[in-house]
Amino acid sequence: MKRLKIIICLLLCLCCGKLTAQEYAGITGMVHVPTAEMASAGEARIGAYFLNWHSLPEQIGKNEYHTFNHFLALTPFSWLELSYVCTLLKRNKDADFNMKDRSFSAKVRPLKEGKWWPSVAVGMQDIGHSPSNDAGADAAYFQNIFLALTKHLYWKRHEFGIHLAYRYYTSDYNAKWRGIAGGVSYRPAFARNLRAMVEYTGNNVNIGVDCQLWRHLFLQASLLDGKYPSGGVSFKINLLGGNKQWKEHLPQ
């Protein structure tokens with residue numbers, strides 16, 4: 001199993017693919033910043049998000065239209081997440097949605113969080129497309145590779161998450177997100193299924209909140225740069241019979 005983890009990590013680091021690790025891409029994370037948190041083994045997710053144009057790559061966002069995506073994601077092991085994402089596109093803000101950007105994402109956690117060290121994860125988004133600065137059906141709009149670290153701290157059963165990431169976007173029109181990113185998250189002791197967060201993307205500051213209801217319904221809402229709304233919904237079910245992602249780190 002350890003050898004399999006190492007092989008997958010190396011493949012992800014060597015691939016020229018597109019990867020993100022955020023909830024809107026079907027991969028656990030914050031709003032726009034990746035984390036080293038993972039869903040529980042066996043969890044499957046299907047969802048859709050409203051994407052404000054301020055959160056989109058410059059090649060899309062320059063047309064100043066909002067869009068939507070939908071995704072299917074799976075966590076086959078506690079250290080591996082996979083997702084397929086389809087984003088609706090159009091040629092300009094006055095046109096109909098007549099194009100789609102399809103991409104695969106993945107995240108691997110080679111090191112699980114311990115008492116004295118953070119969890120570490122590596123990931124990629126939009127696997128399979130070649131880096132390009134041109135628009136089009138095969139453009140690598142969201143292509144990036146990341147390294148993320150996460151450590152949780154506790155005070156009277158309140159959880160505070162500290163997240164740090166380094167991202168490399170392969171296309172120049174995403175250069176504003178290259179480099180260091182990070183944020184903090186908070187889960188109150190009285191509502192373990194609720195999470196509030198603040199993140200720095202390398203370009204701006206986002207705030208968000210999400211909640212998991214009735215074990216299966218996940219909702220997220222955010223303000224990009226503190227003023228532009230975005231958000232989405234997903235349905236989660238654990239194919240192995242568990243559903244402990246949001247309480248995995250909490251002390252008993």
Side-chain angles (χ1 to χ4, degrees), residues 16-34 44-74 81-106 123-144 167 169-178 199 201-204 206-210 216-236:
C16 289
K18 303 188 210 181
L19 265 169
T20 62
Q22 300 81 43
E23 295 288 350
Y24 72 83
I27 300 293
T28 54
M30 300 181 76
V31 178
H32 196 278
V33 172
R45 304 176 293 284
I46 183 171
Y49 267 69
F50 164 74
L51 303 176
N52 192 291
W53 70 266
H54 290 88
S55 69
L56 298 173
E58 195 171 301
Q59 284 286 61
I60 304 173
K62 67 181 182 181
N63 293 314
E64 298 186 0
Y65 68 85
H66 309 308
T67 187
F68 301 87
N69 75 4
H70 53 86
F71 63 82
L72 176 64
L74 178 66
E81 293 186 3
L82 305 169
S83 76
Y84 166 77
V85 187
C86 180
T87 304
L88 303 180
L89 304 176
K90 52 187 179 181
R91 299 192 182 282
N92 58 67
K93 63 180 180 181
D94 297 319
D96 296 326
F97 288 105
N98 57 359
M99 297 184 294
K100 296 179 180 180
D101 178 76
R102 299 178 177 88
S103 63
F104 291 93
S105 299
M124 299 181 68
Q125 179 184 351
D126 215 344
I127 299 170
H129 288 133
S130 298
S132 172
N133 290 316
D134 300 321
D138 294 323
Y141 289 112
F142 302 95
Q143 188 172 76
N144 75 92
R167 299 186 291 184
Y169 279 82
T170 57
S171 299
D172 290 340
Y173 51 74
N174 288 327
K176 62 183 179 181
W177 292 321
R178 288 175 180 165
E199 65 175 23
T201 67
N203 182 65
N204 53 27
N206 302 328
I207 58 175
V209 62
D210 52 39
H216 300 297
L217 184 64
F218 178 84
L219 306 172
Q220 185 179 79
S222 61
L223 289 176
L224 308 176
D225 207 16
K227 51 188 174 182
Y228 304 112
S230 191
V233 58
S234 65
F235 178 80
K236 301 184 177 184

[atom1] of [X] to [atom2] of [Y]: how many Å apart, nearest 0.5 Å?
X    : Y    : atom1 : atom2 : value
I207 : L223 : CD1   : CG    : 4.5 Å
C86  : K100 : SG    : NZ    : 5.0 Å
Y169 : R178 : OH    : CZ    : 11.0 Å
N174 : Q143 : CG    : CD    : 9.5 Å
N144 : S105 : CG    : OG    : 8.5 Å

Does the [X] side chain pair with the main chain of [Y], one donor and one acceptor, at a distance under 3.5 Å?
X    : Y   : answer
S83  : I27 : no
S230 : F50 : yes
E199 : V33 : yes
H66  : W53 : yes

Practice problem: Please identify each residue that fulfils side chain to side chain contact (heavy atoms under 4.5 Å, CB included) with Y228, with sequence neighbours left out. | Solution: N52, H54, L224, D225
Practice problem: Output all residues satisfying side chain to side chain contact (heavy atoms under 4.5 Å, CB included) with K90, sequence neighbours left out; order by chain, then residue number. | Solution: Y65, A95, F97, N98
Quiz item: Looking only at heavy atoms, what is the nearest atom pair of A106 and L82, with distance?
Solution: CB-CD2, 3.7 Å
Self-check item: Any E81 side-chain heavy atom under 4.5 Å of R45 side chain
Solution: yes
Quiz prompt | Residues which pass side-chain hydrogen bond (donor to acceptor under 3.5 Å, both in side chains) with D210, listed by chain and number, not counting sequence neighbours | solution = R195, Q220
Do any side-chain atoms of residues 67-74 form donor-acceptor pairs under 3.5 angstrom with protein atoms, and if so which ones, sequence neighbours left out?
| residue | atom | partner | partner atom | Å |
| --- | --- | --- | --- | --- |
| T67 | OG1 | L88 | O | 2.4 |
| N69 | OD1 | Y49 | N | 3.3 |
| N69 | ND2 | Y24 | O | 3.0 |

Quiz item: If we ignore angles and hydrogens, is there a donor and acceptor under 3.5 Å between the side chains of R167 and H32?
Solution: yes
